[in-house]
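Numbers here are sequence positions counted from 1. Keep in mind that this is a model prediction, so the values were computed, not measured.
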Amino acid sequence: MVYHQSNAVTKVVPPSKELLVVDKNKSIAQSILFFASQFPNSKIVWCHDSLEDNLNLNEISSLFHHNKMMLSYGLEQTNFLGNSIGYVEESPFININKKVRYPSWLMSVDVGVIHASVINHISKKIQLDKKFDYFLNSVAKLGMFYGLFCYSEPQLLVNKTTEIKLTKASSYELFRFVKQHYKKRWSVLLFLNLLVFEKRFLILPFLFSWGYRSRKKPLLNFDVIPVQSTLKVVEKKTIDVIIPTIGRKKYLYNVLQDLAKQTHLPVNVIIAEQNPQQGSVSELDYLTSEKWPFTIKHTFTHQAGACNARNVALGQVESEWVFLADDDIVFDPSFFEKAIALAQQYQVSVFTTSCLLVNQKQEYTLIHQSGIFGSGNSFVKTASLQKIRFDEALEFGYGEDTDFGMQLRNQGHDVIYFPDLKITHLKAPMGGFRIKVKQLWENEVLLPKPSPTMMYVLLKHYTTQQLRSYKLVLFLKLLKKESVLNYFNFCNSFQKKWVVSQYWANKIKHEK
């Protein structure tokens, strides 16, 4: 346990409980590196000395349930890098829900814990910054990309009423951080966002940042740190499968065949079949004409829409786990067996798989916290879904997967990507009886941009800075296609389309 005052170590308590001598000439990062080398099998806890009595020591072992983790908690809603980091970070890891364990690389000096093996692994690859805030955020930002599990964890403290003055990054440190941890174009976008939306002309911090080298080049591989969680999330190992389907009789049959060949069989396969044509009946005769090694629960409805279909199916789940599947995927016979084994090893409640098109090359090969949730290739523990359903305001639009993943994270359930669980997505043609749904905003003289359903998701889950950055990036992408002579008209039109999109997004919200 390393106690500090943000800029210097004040006390160190090793596993033996005998106080160690503090070298006041070392930075906090240097001290932590030293103690990690001296105690390579220990958890390293940092804590502001004013929070010593608030530290939840009794729960750290259960909270820190495997060694490939980094936990932290800051008492203030904002963080060292400030809200401006949202101008360069599109992921769900910025808008932290402070009430639950939430996946984020935004670390705080207030309190945190990391394993010595992680510090020792990165010791020669990441600079030991003098400023502890900068060092922690750098470790987490780089580490999360390579498979370090990083979280904001409120249970690290038992009393959160204590006030600590938050050290904020200067504009020079902010630009430096972006230059060292993001692609070069994001430094330019940060400068433009601050200029356009905050009227801040930070040319000197922008230019000075280019004197720093990127930290992204040294490759890390946290797979060298073994993982065996001490939690007990997986118990019964039973799985139900839900599949919404519409007009894909042949493809769905092949999915059922793959399910029937599993070495770890599902208990129930819940099929929500849709056909919006009145008077139509189910075309899935093989559900009853053939024998299947699992129970098939079949619902037929004239109401089209994958959100409604999935919600209907979720209401019928009985098993400990649910696999959300598409009706045109392919997977091998050991798929479920491998999935349960990984869930047991990491003891996670939500995980998603590799899902590639035929002949598509897999780019992401490391287990990591995913910013993406796939409603056709993910496993979720049923108990995690008690307050979560697909938002039917997004029916026939875009963003329902993103929204569902954000609902899970805001309930304290991280989404983990397991690259060795592989699915092939056939992208089958749409069924012949689908009816194109005309959205209300299609009658507008100026069609909204972006789609109101996407705007609805952005307004629901993005920070103000993330939304502004999305707007600027969209503007620049569309601007490239315009003639120079049309720039003024384009700018005027773009703003009006954005306003129309916001209007319909708010209308969707209030009519939910």
Side-chain angles (χ1 to χ4, degrees), residues 233-248 252 255-256 259 262 265-276 280-284 287-288 292-329 336 339-340 343 348-353 373-397 399-413 415 431 434 437 453 456-457 460 508-509 511-512:
V233 175
V234 182
E235 295 176 328
K236 297 179 181 178
K237 305 180 187 179
T238 55
I239 303 172
D240 282 358
V241 181
I242 69 169
I243 310 175
T245 187
I246 179 169
R248 287 177 175 166
L252 176 63
V255 175
L256 293 175
L259 290 171
Q262 291 300 300
L265 285 168
V267 177
N268 301 296
V269 177
I270 306 166
I271 298 170
E273 182 187 4
Q274 312 144 69
N275 187 333
S280 59
V281 295
S282 173
E283 62 174 358
L284 307 178
L287 297 182
T288 54
W292 302 98
F294 38 71
T295 300
I296 291 181
K297 296 183 177 183
H298 175 224
T299 299
F300 179 83
T301 177
H302 293 303
Q303 181 176 336
C307 292
N308 173 69
R310 288 193 173 99
N311 287 340
V312 168
L314 284 172
Q316 301 177 54
V317 170
E318 297 176 357
S319 294
E320 182 182 39
W321 291 86
V322 55
F323 174 52
L324 288 83
D326 275 336
D327 59 2
D328 58 344
I329 56 177
F336 279 7
I340 290 296
V348 292
S349 56
V350 184
F351 56 97
T352 193
T353 74
F373 178 86
S375 59
N377 63 307
S378 296
F379 291 81
V380 184
K381 189 170 182 181
T382 305
S384 303
L385 294 169
Q386 299 307 308
K387 298 179 181 179
I388 298 172
R389 288 295 183 267
F390 286 91
D391 191 337
E392 294 185 27
L394 299 170
E395 200 76 277
F396 307 114
E400 71 274 13
D401 289 13
T402 300
D403 177 76
F404 197 85
M406 289 303 301
Q407 288 185 61
L408 286 165
R409 294 183 188 93
N410 279 301
Q411 290 292 326
H413 309 296
V415 181
R434 297 184 188 226
V437 175
T453 51
Y456 171 81
V457 174
K460 188 175 179 182
I508 290 172
K509 176 181 177 180
E511 291 182 356
K512 248 179 88 169

Please check: side-chain N/O of [X] versus main-chain N/O of [Y], any donor-acceptor pairing under 3.5 Å?
X	Y	result
N410	M406	yes
T352	F373	no
D327	L252	no
H302	P276	no
N268	D240	no

I need the [X] [atom1] to [Y] [atom2] distance, nearest 0.5 Å.
X	Y	atom1	atom2	value
F336	T238	CZ	OG1	11.5 Å
W321	I239	CH2	CD1	8.5 Å
F294	I296	CZ	CD1	5.0 Å
I271	I243	CD1	CD1	5.5 Å
E283	I246	CD	CD1	9.5 Å
T382	K236	OG1	NZ	9.5 Å

What are the two closest heavy atoms between [X] and [Y], and how far apart are they?
X	Y	answer
A304	E395	O-OE2, 4.3 Å
F379	A339	CZ-CB, 3.7 Å
V241	P266	CG2-CB, 3.8 Å
S280	N275	OG-CG, 3.2 Å
S349	H413	OG-ND1, 3.4 Å
S375	L324	O-CB, 3.3 Å

So, [X] and [Y], do they make that salt bridge, N to O below 4.0 Å?
X	Y	value
R310	D326	yes
E320	K237	no
K460	D391	yes

Side chains of [X] and [Y], heavy atoms from C-beta outward: is any pair under 4.5 Å?
X	Y	result
W292	L259	no
T245	L284	yes
I329	V255	yes
T301	V312	no

Applying side-chain contact (heavy atoms from CB on, under 4.5 Å) to K387 and not counting sequence neighbours gives Q411
The single option from V415, L385, V317, I388 that satisfies side chain to side chain contact (heavy atoms under 4.5 Å, CB included) with V380 is L385
